[in-house]
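Sequence lines set the chain letters: A, B, ... in the order given, protein chains first and strands last, and positions in each chain run from 1.
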Protein chains: 2
Amino acid sequence: MPQSAPKMKDVAKLAGVSIKTVSRVLNNEPHVKEELRDKVKSAVEELGYVPSANARSLRSNRGYTIHFIIHNNRSNYVNAIQAGIIKACQDNGYQLIVSMIMDSQNLSKKQIEEKLSRLPTLGVPDGAILVSPLSNDERINTTLKDMGVPIARIGPNDIDDDQIEVKINEREAAREITQYLIDSGHTRIGFIRGKEDQNATIERYAGYKQALLDSRILLDESLVYSGNFEFEGGLKAGEKLLDMEKPPQAVFAANDDMAAGVLSAAHRKGISVPSELSVVGFDDSEIADKMWPTLTTIRQPLLELGETATNLLIARSQKLSGIEPQKYLPHKLVVRESVKQPAHID
Amino acid sequence: MPQSAPKMKDVAKLAGVSIKTVSRVLNNEPHVKEELRDKVKSAVEELGYVPSANARSLRSNRGYTIHFIIHNNRSNYVNAIQAGIIKACQDNGYQLIVSMIMDSQNLSKKQIEEKLSRLPTLGVPDGAILVSPLSNDERINTTLKDMGVPIARIGPNDIDDDQIEVKINEREAAREITQYLIDSGHTRIGFIRGKEDQNATIERYAGYKQALLDSRILLDESLVYSGNFEFEGGLKAGEKLLDMEKPPQAVFAANDDMAAGVLSAAHRKGISVPSELSVVGFDDSEIADKMWPTLTTIRQPLLELGETATNLLIARSQKLSGIEPQKYLPHKLVVRESVKQPAHID
DNA sequence: CTGAAAGCGCTTACAG
DNA sequence: CTGAAAGCGCTTACAG
């Protein structure tokens, strides 16, 4: 049996100082002689001492925790972000606590408050991280702010305040991938929108329009359908697009799931991708390289998004100055097989 | 500003009892008169009192936390399980703490101990939940046991002790889906194995063999390839299988990712699925219904797996008796489009 | 069946 | 620059 874990008292005894000095060293406070500091550090090392987060939180009423609040899972998306959050937490000695608020739309304000009020039982968290759709939920944001919990939102959203936001430039990314389609020789390009109330839909559509404008291609609204960000939506929109008298040469679906639907629609109709139809998506989700053909799409740095949000939140809780609330991270065009390339001319 | 959260003291005052009585009611201890119990409960309700997990843990040295320790993400799989864990935690007033141990193979025993020793900073957790591949890591299991942390493992694994295990009957599920292929008129059925050192591979292969045996179909080892549970592996194995002089009529890939690879191999060769080749997978992962054609596969009740593991862990930590350490949950054959059905005879 | 006292392991003022 | 005392909000023995 392992004997009971060492306490701060034990470290103090071994180092020959008071526990207060140990506490100071551990919290990187100033006003400790280098010599004592070193002694304490060796004692910590020797005993394998790990501070009790509970005792610490209880006294200081800070959680040394980051809360990640998720909706029903957006699967790969949420998961990759979570990996980044965990990484940043571990780097900084924080614990990650994950909770879930399902169908927040159907909860009363009181229920939301109740849900969130259980959150600080381990001390007031140093921050809460929200992703869509919760990041867009007015009541969740307000309740957290009222509780004094700093928020970091990941991804596109519609709320305008001084909380931290980390995201990619969706509009620019959408413009780029549309431009790629144009550069590959396409002019009749369909677009499938996502959920109508989401900023991601608006931004990606704006990027699509921008690229057309840049190349002086007239926007043809009959080539634009809505697909709700879901496979089924993409499938149906794809079928309509392909049934047109003059179908598009390429389709830009506002996310990968819908792009998968377009691919299915094409296969069902015996239309070959990419030789007869080019398709691109957005997200580079788990399915993107497992389709046939593999999907050209936009990759968001999901892990880095989570990591950055967490680091900013921690920095802010430590009252470091000069933290910009808005941060854009670079995206990347991932070229695979789903776009037809112009015949090579030697 | 919200005034500071109510304490047990406040509840006691409002209910007109000692704080000890409040504590007893909150912890469902016996020996409290119904009348007082009700008074306390109303007071808790009225004040919206939520106990401080920190204070509680500090005194009792229990965490009221469940730790979910994950490897690099197995994406949808881990995510769905996590949703179940969160649900059970919330139902029982526990918090979920997630940590990650990457490439445990390359860590020294000491590093693993160090990683895990940070785990009980919020009080000794009531349990740790492990999924493959960490659930198979001898050193992680041993270290947790030495720390006195009960373990629940989800999914197939190779360790034999009295810790909790929740899983489906992989062998039986594999037998069923193979039988489904046979019932659909196939006799030449290829099999693609997963990672060779994993129990899942062994069990699923055993189920495949059993079904063949049951139908007196001779096992043809030339129809069995290895694919490492990955898309690429499935693609390559699929190509080899389809290049055979006498290719199989159907392929059972030991997971969906590999099945996606087989579909791609078929498409690339212009072989139509399911009319010329039937394909089935295992997992019903996120991609299964986004392929073309959609994939017939086995669904594990992932959310329930996580939920059950957590509930058992909590029950065990409360020393409830009669908890069976091994629990099998029902799987389900999900029939979609990737298997050819015999021509209907009127 | 109920309660007053002690204490979990830290950090927060406060002194020196 | 360092330390002795008090206290965070609960639960654990212990009494009655």
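Of the two residues near DNA chain C, A/K20 and B/V32, the one whose nearest nucleotide lies more 5' is B/V32. When each of A/M8 and B/V17 is assigned the nucleotide of DNA chain C with its nearest heavy atom, B/V17 is the one assigned upstream, toward the 5' end.
Heavy atoms of other residues, nucleotides or ligands lying less than 6.0 angstrom from NZ of B/K109 number more than 12. With a 6.0 Å radius and a threshold of 12 heavy atoms from other residues, nucleotides or ligands, B/D162 has its CG atom above the threshold. Around atom NZ of B/K13, no more than 12 heavy atoms belonging to other residues, nucleotides or ligands sit under 6.0 Å away.
Looking at the side chain of B/L36, the nearest of the listed nucleotides D/dC1, D/dC8, C/dT2 is C/dT2. Comparing C/dC1, C/dT11, D/dG9 by their closest approach to the side chain of B/H31 singles out C/dC1. When distances run from any side-chain atom of A/A55 to the nucleotides C/dG9, D/dG7, D/dC1, the shortest one goes to C/dG9. Counting only heavy atoms from C-beta on, B/R56 has its side chain closest to D/dC10 among C/dG3, D/dC10, C/dT11. Looking at the side chain of B/K7, the nearest of the listed nucleotides D/dT11, C/dT11, D/dG9 is D/dG9. For A/S18, the side-chain atoms get nearest to D/dA4 when compared with the rest of D/dA4, C/dT2, D/dT12.
Between B/S52 and D/dC10, a side-chain N or O to OP1/OP2 separation shorter than 4.0 Å is absent. Side-chain nitrogen and oxygen atoms of B/S60 include none within less than 4.0 Å of the OP1 or OP2 phosphate oxygen of D/dT11. Here B/T21 reaches the OP1 or OP2 of C/dG3: one of its side-chain N or O atoms lies under 4.0 Å away.
As the counterpart of C/dA13, no nucleotide is assigned, since no Watson-Crick or G-U wobble pattern has both distances under 3.5 Å. The nucleotide D/dA4 finds no pairing partner, because no Watson-Crick or G-U wobble arrangement with both distances shorter than 3.5 Å includes it.
Taking a cutoff of 4.0 Å between a charged side-chain nitrogen and a carboxylate oxygen, A/R153 and A/D161 qualify as a salt bridge.
For the pair A/K13 NZ and D/dA4 P, the interatomic distance rounds to 14 Å; values are reported in whole Å. For the pair B/K9 NZ and C/dA4 C1', the computed distance is 15 Å after rounding to whole Å. Atom-to-atom, CD1 of A/I19 to P of C/dC8 comes out at 12 Å; the value is rounded to the nearest Å. A/L26 places its CG atom 16 Å from the C1' atom of C/dT12, with the value rounded to the nearest Å. Distance B/L58 CG to D/dT12 P: 12 Å, rounded to the nearest Å. The nearest whole Å value for the distance from the CD atom in A/E29 to the C1' atom in C/dA13 is 12 Å. Between the CZ atom of A/R59 and the C1' atom of C/dC10 there is a distance of 9 Å, given to the nearest Å.
In the interface, the side chain of B/R24 is paired with the base of C/dG3 through a donor and an acceptor atom under 3.5 Å apart.
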Given the rule in the side-chain contact (heavy atoms from CB on, under 4.5 Å) test, do B/V22 and B/V17 qualify, once you have shown the distances and angles that lead to the verdict?
CA-CA 7 Å; B/V22 177; B/V17 298; 3.9 Å; yes
Dump the intermediate steps for side-chain contact (heavy atoms from CB on, under 4.5 Å) on B/Y64 and B/N92, then the final yes or no.
CA-CA 9 Å; B/Y64 297 90; B/N92 291 283; over 6 Å; no
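Among the atoms of the strands shown, only primed sugar atoms or phosphate atoms (P, OP1, OP2) are found under 4.0 Å from some heavy atom of A/Y49. Nucleic acid contact class of B/N54 (heavy atoms, under 4.0 Å, all strands): none.
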